[in-house]
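To keep things clear, I will list the structure first and then write my remarks on it.
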Protein chains: 2
Amino acid sequence: MSGLTIGKVARETGVGIETIRFYERQGLIAEPARRPSGYRDYAPAIVERLHFILRAKDLGFSLKEIGELLSLRVDDGRTCDDVYSRVMAKRADMEQKIRHLERMKRALARMAAACKGAGPRGECPILEALKHEDEGEAGDWR
Amino acid sequence: MSGLTIGKVARETGVGIETIRFYERQGLIAEPARRPSGYRDYAPAIVERLHFILRAKDLGFSLKEIGELLSLRVDDGRTCDDVYSRVMAKRADMEQKIRHLERMKRALARMAAACKGAGPRGECPILEALKHEDEGEAGDWR
DNA sequence: CTTGACTCTGTACTGTACTACGGGGTGTAG
DNA sequence: CTACACCCCGTAGTACAGTACAGAGTCAAG
């Protein structure tokens, strides 16, 4: 019994047909089985994989990085420890991004509060707001 | 007395000279004063601004979005209400990015946990972990 | 068996964000 | 005064991530 055509996968995931083929060329998804006609014949698991790719992309990962995330399973020669450390590195990356976003968010909140009063009229209010935010935190951002 | 040349700014920020000129063309940084020779003459504040651009870029904002963040101020013709609502919109953007990053982080933590006990030789079911991550959490991510 | 939606491959094009010249002028240390 | 690093502008090329055809074959409903 056959699985999904590329069109069905596209409709179920919201990813364009051309894009799915593009991801295949980039090695992000495996080459699927083919029907006698040559049509691609996908297992349902492809949907999960494409959802993951979409989400990771939305978080600012490049396709190359996503490929790395997706290949974080133990290939021959790679130990589980290696995989573990790569996962933890990504996790630390995200924690830092979250911290920075929260700082920026607080800066925006400060601007909004200022707006209730006189309003932000400085050269660049967001930089001013971040400056106040910087107090007490070392400039550790890279 | 004169400020920084483009080369000094480049060295202090790690941003290439060509890139600084590019940002100027894109309107992310103001056209600086010029020396009689025509050389760009930057005030030290440019360094802060470039650091902000770098960080925002790292957080997944496009140059266009960064330009919007940097221009959040009340100037002629713009009301405080307008700025306020734009600030709140950016804040919501950031909150969404944070939520996505946190979900991703949890997924990675789960993957790491699955890896931990398996030892150097066995299976490391990363793709399984991804599958489980996708269910249960409402698919609200777009 | 025709018609229309669907799929195939391959190539070309788009937008974003740089990056790299080429051919000149500038500034300063020796 | 001459190297030599630095700067100017403009244009062109690169990498990434798609997106859009063209021309041909496939599948299923009527």
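Chain naming here is simple, since letters A, B, ... match the order of the sequence lines and numbering starts at 1 in each.
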Sugar-phosphate only, base, or nothing, as touched by Arg40(B) at under 4.0 Å among non-hydrogen atoms: sugar-phosphate

Short side-chain N/O contact to dC18(C) OP1/OP2 from Tyr23(B), under 4.0 Å: yes

Integer-rounded Å distance: dT19(C) C1' and Arg25(B) CZ: 11 Å

Cation-pi geometry met for Lys90(B) and Phe61(B) (6.0 Å, 45°): no

Between dG27(C) (P) and Arg35(B) (CZ): distance, integer Å: 8 Å

Nearest non-hydrogen partners of Val9(B) and Leu50(B), listed with the distance: CG1-CD1, 3.5 Å

dT7(C) phosphate, OP1 or OP2, under 4.0 Å from Thr5(A) side-chain N/O: yes

Phosphate OP1/OP2 of dC8(D) contacted by Ser37(B) side-chain N/O (<4.0 Å): no

Atom-to-atom span, NZ of Lys64(A) to C1' of dC16(D) - whole angstrom: 12 Å

Whole-Å gap separating P (dT19(C)) and CG (Leu63(B)): 11 Å

Of the listed nucleotides dA17(C), dC9(D), dG18(D), the one nearest the side chain of Phe22(B): dA17(C)

Glu18(A) CD to dC6(C) P, straight-line distance once rounded to whole Å: 14 Å

SB check Arg106(B) Glu102(B) (cutoff 4.0 Å): no

Pair Glu95(A)-Arg91(A), salt bridge (charged side-chain N to carboxylate O under 4.0 Å, His left out): steps then yes or no: CA-CA 6 Å; Glu95(A) 260 164 7; Arg91(A) 210 181 86 101; 3.4 Å; yes

Side-chain N,O (Lys57(A)) to OP1/OP2 (dG18(D)) below 4.0 Å: yes

Whole-Å distance separating the NZ atom of Lys8(A) from the C1' atom of dA28(D): 13 Å

Atom-to-atom span, OH of Tyr39(A) to P of dA5(C) - whole angstrom: 14 Å

Salt-bridge criterion met for Glu18(B) and Arg21(B) (N-O under 4.0 Å): yes

Arg11(B) or Gly16(A), whichever maps to the more 5' nucleotide of DNA chain D: Arg11(B)

Nearest-Å distance for atom pair CZ/C1', residues Arg21(A) and dT9(C): 8 Å

